[in-house]
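Structure, as structure tokens:
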Amino acid sequence: MDSVLHDVPKANDAANLIAENEIRRIAAAQVAAEDYDRATTYQTGWSGFYITKELSGDWFFAMGGIQLASSGSVLTREPAEGAEPTVVVEYKVHLYDRYNWDEGKSVEIAGVTVHDKDMGELHTAGLAREYDIEGTSDVRRYEGKIPASGSVNLPGPDDSRDGERTDPTR
């Protein structure tokens with residue numbers, strides 16, 4: 001999951017926007033109710049995102065359309081007199097994709113058009129399978145103010161993919 005978000009920054013931006021909307025909603029409710037220093041958990045619904053070939057050729061061919069969601073906890077700290085409240089947020093980003101063969105779709109690979117109908121026939125013949133892709137990011141943490149306008153500077157995935165593969169020959 002973190003590899004997808006590292007390699008496709010726009011997917012990371014979309015995932016963080018999903019989290020940010022929920023963080024803002026919860027923090028505003030906690031401030032309005034003066035309900036400070038108590039964590040509120042959340043789980044968002046799924047939101048679609050399409051990885052185009054321009055965003056990442058590898059992830060385009062691997063997945064294309066994906067679903068993103070977020071879960072986590074938001075704690076709003078009681079502010080000092082005249083100060084703005086701050087939040088402590090821990091959250092994860094979730095990804096889901098059903099790898100299947102959609103009627104009417106195709107893709108060009110190395111100059112050859114591959115139709116999903118043909119791949120679906122391989123599935124029917126028992127030579128290919130549909131499957132689910134699921135992933136969850138590492139825990140992300142944000143502590144600070146929620147700006148009145150502009151985006152919250154939520155963290156992204158690690159800047160490195162080092163250490164991912166234990167078998168570099170595969």
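If you're wondering where the values come from, they're calculated on a predicted model, not measured in any experiment. Keep in mind that the numbers below use all heavy atoms, side chains included, and drop hydrogens, waters and symmetry copies. In what follows, residues are counted from 1 in the order of the sequence shown.
In this structure, the side chains of Thr86 and Thr76 stay at 4.5 Å or more apart for every pair of heavy atoms. Between Asn16 and Ile18, the closest side-chain pair of non-hydrogen atoms is not below 4.5 Å. Using a 4.5 Å heavy-atom threshold, the side chains of Glu108 and Val114 count as separate. Using a 4.5 Å heavy-atom threshold, the side chains of Ser71 and Thr41 count as separate. Side-chain contact between Ile23 and Val152 is absent, with no heavy-atom pair separated by less than 4.5 Å. For the pair Asn12/Val4, no side-chain contact is recorded, criterion being any heavy-atom separation below 4.5 Å from C-beta on. The shortest side-chain heavy-atom distance between Val88 and Tyr142 does not fall under the 4.5 Å cut-off. A 4.5 Å side-chain heavy-atom check between Thr136 and Val93 finds every atom pair outside the cut-off.
More than 12 heavy atoms of other residues, nucleotides or ligands lie within 6.0 Å of CG in Asn21, so this atom counts as buried by the packing criterion. By the neighbour-count criterion of 12 heavy atoms within 6.0 Å, atom CG of Asp35 is densely surrounded, having more than that number from other residues, nucleotides or ligands.
When all heavy atoms of Ala14 and Phe49 are compared, the pair lying nearest together is CB-CD1, 3.7 Å. What you find for Ala15 and Leu68 is that their closest heavy atoms are N-CD1, 4.1 Å. Taking each heavy atom of Tyr96 and Glu134 in turn, the nearest pair found is CD1-CG, 3.7 Å. Counting all heavy atoms, side chain and backbone alike, Ala62 lies closest to Ile133 at O-CD1, 4.2 Å. Taking both residues in full, the closest heavy atoms of Pro85 and Val31 are given as CG-CG2, 3.7 Å, listed atom of the first, atom of the second, then distance.
No donor-acceptor distance shorter than 3.5 angstrom exists from the side chain of Asp97 to the backbone of Asp132, with no hydrogens or angles considered. The closest donor-acceptor contact from the side chain of Arg77 to the backbone of Val87 lies at 3.5 Å or more, if one exists at all. For Glu130 (side chain) and Tyr99 (main-chain N/O), no donor-acceptor pair under 3.5 Å exists by modelled atom type.
A donor atom on one side chain and an acceptor atom on the other are found under 3.5 Å apart for Tyr42 and Ser70. There is a side-chain donor-acceptor pair under 3.5 Å between Thr40 and Gln30.
Ionic pairing of Glu22 and Arg24 is not present here: no N-O contact between side-chain nitrogen and carboxylate oxygen is shorter than 4.0 angstrom. Ion pair Lys92/Asp138 not flagged as a salt bridge, since none of the NZ, NE, NH1 or NH2 atoms sits closer than 4.0 Å to an Asp/Glu carboxylate oxygen.
A continuous path of hydrophobic side-chain contacts links Tyr131 to Leu95 [ILVMFWY only; heavy atoms under 4.5 Å].
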